[in-house]
Amino acid sequence: MSKSIKKAVVLLSGGLDSTTVLAISQSQGYECYALSFDYGQKQKSELKSAAMAASQFEAAEHRVMKISLSDIGGSALTDDNIDVPNFVESDEIPVTYVPARNTIFLSYALAWAEVLDCQNIFIGVNALDYSGYPDCRQEYIDAFEVMANLATKQSVEGQKINIHTPLIKLNKAQIIQLGLSLDVDYENTTSCYQANDKGEACGVCDACEYRKLGFNKAGIDDPTRYQN
């Protein structure tokens, strides 16, 4: 009898973290089903980056789900009335937080995983460099996994759902070094909160600052394409 295929649904934004996670899951022998979202974000260039990553790492399928978090607003990433701020050191949750975004994305991933008869979901959250987002913490992931194993037909029938967070304890420099060892091309990733249509980064938002710091600490030349 042939060994059953090990499947994974991988949340793929097209950014540095999620692209690294796709590379990790592929290197671990998973048949990867990449899931991206056109959720009403102001900049769409990250979706082009996601498509390139899914192609490079030979995802079995790449789906882009269209949902309208912009109808809810409340975030600088989705609401035209809220500007993306320049980077400022702060312990407060920033206005770039999108209300309940990871809960929504993971719920879609959970639904697709059930259809695929898949028990593994990968997400690129990390707690050491995260910008104060409550849905990037290990406690949150643990709670979602508990919920997932109460909520689905396959879990009730004995197939445990696992939420994998391979970057959770890594900083940006460690993530970059790991990704480079797996042939991630970071020039083709989009992290900026206000990248233009060409995928060029602003260089001054929170995401850009964390990314620049990561390359600097890793001792790697920053391949990011900037607007200026």
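Residue numbers run from 1 in the order of the sequence given.
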- Audit row: Arg225, Glu187, side chain to side chain contact (heavy atoms under 4.5 Å, CB included) steps and yes/no: CA-CA 7 Å; Arg225 295 175 292 114; Glu187 184 178 356; 3.8 Å; yes

Query raised in the report: Where do Gln119 and Asp117 land on the side-chain hydrogen bond (donor to acceptor under 3.5 Å, both in side chains) test, with the steps shown first?
Result: CA-CA 7 Å; Gln119 292 80 47; Asp117 189 21; 3.2 Å; yes

Quiz item: What do the steps show when you test Gln227 against Asn196 for side chain to side chain contact (heavy atoms under 4.5 Å, CB included), and what is the final call?
Solution: CA-CA 8 Å; Gln227 294 170 24; Asn196 61 22; 3.6 Å; yes

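Tested against Asn120, the residues Lys6, Lys7, His164 include a single side chain to side chain donor-acceptor pair (under 3.5 Å) partner, His164. Checking Leu110, Val9, Ile161 one by one against Cys118, the side-chain contact (heavy atoms from CB on, under 4.5 Å) holds for a single residue, Val9.
With rounding to the nearest 0.5 angstrom, the OH atom of Tyr39 is 12.5 Å from the CD1 atom of Ile72. Note: Asn86 CG to Cys205 SG = 8.5 Å, rounded to the nearest 0.5 Å. The distance from the CG atom of Leu182 to the CD atom of Gln26 is 8.5 Å, given to the nearest 0.5 Å. To the nearest 0.5 angstrom, Ile163 atom CD1 is 8.0 Å from Met147 atom CE.
The shortest non-hydrogen separation linking Glu209 to Gly203 is OE2-O, 3.4 Å. Between Leu12 and Ala50, the shortest heavy-atom contact is CD2-O, 3.3 Å. Listed here is the closest heavy atom pair of Leu22 and Ala53: CD2-O, 3.6 Å. Between Ser75 and Val98, the shortest heavy-atom contact is OG-CG2, 3.4 Å. Across all their heavy atoms, Ser191 and Ala207 have their closest contact at O-CB, 3.2 Å. Smallest separation of non-hydrogen atoms from Asp206 and Pro94: OD2-CB, 4.1 Å.
For residues 15-25, every residue pair satisfying the side chain to side chain donor-acceptor pair (under 3.5 Å) rule, not counting sequence neighbours, is listed here: Ser13-Ser18, Asp17-Lys172, Thr20-Tyr186. Listed by first then second residue, pairs satisfying ring-ring contact (aromatic ring centres under 6.0 Å, His included) with a partner in residues 47-103 read Phe87-Tyr210, not counting sequence neighbours.
Using modelled atom types and a 3.5 Å distance limit, the side chains of Gln138 and Asp142 yield a donor-acceptor pair. Judged by distance alone, the side chains of Ser36 and Arg63 never bring a donor and an acceptor atom under 3.5 Å apart.
The cluster map of Ile, Leu, Val, Met, Phe, Trp and Tyr, joined by side-chain heavy atoms under 4.5 Å apart, puts Ile104 and Val146 in different clusters. Cluster membership check: Ile175 shares its hydrophobic cluster with Leu180, using side-chain heavy-atom separations under 4.5 Å among Ile, Leu, Val, Met, Phe, Trp and Tyr.
Ion pairing between a basic and an acidic side chain is recognised when a charged N comes within 4.0 Å of a carboxylate O; Lys44 and Glu46 show no such pairing. Salt bridge Lys66/Asp38: present, at least one basic N to carboxylate O contact under 4.0 Å.
Between the Glu31 side chain and the Ala8 main chain, no donor and acceptor come within less than 3.5 Å of each other.
Leu69 is not listed as a side-chain neighbour of Gln41, based on a closest heavy-atom distance of 4.5 Å or more.
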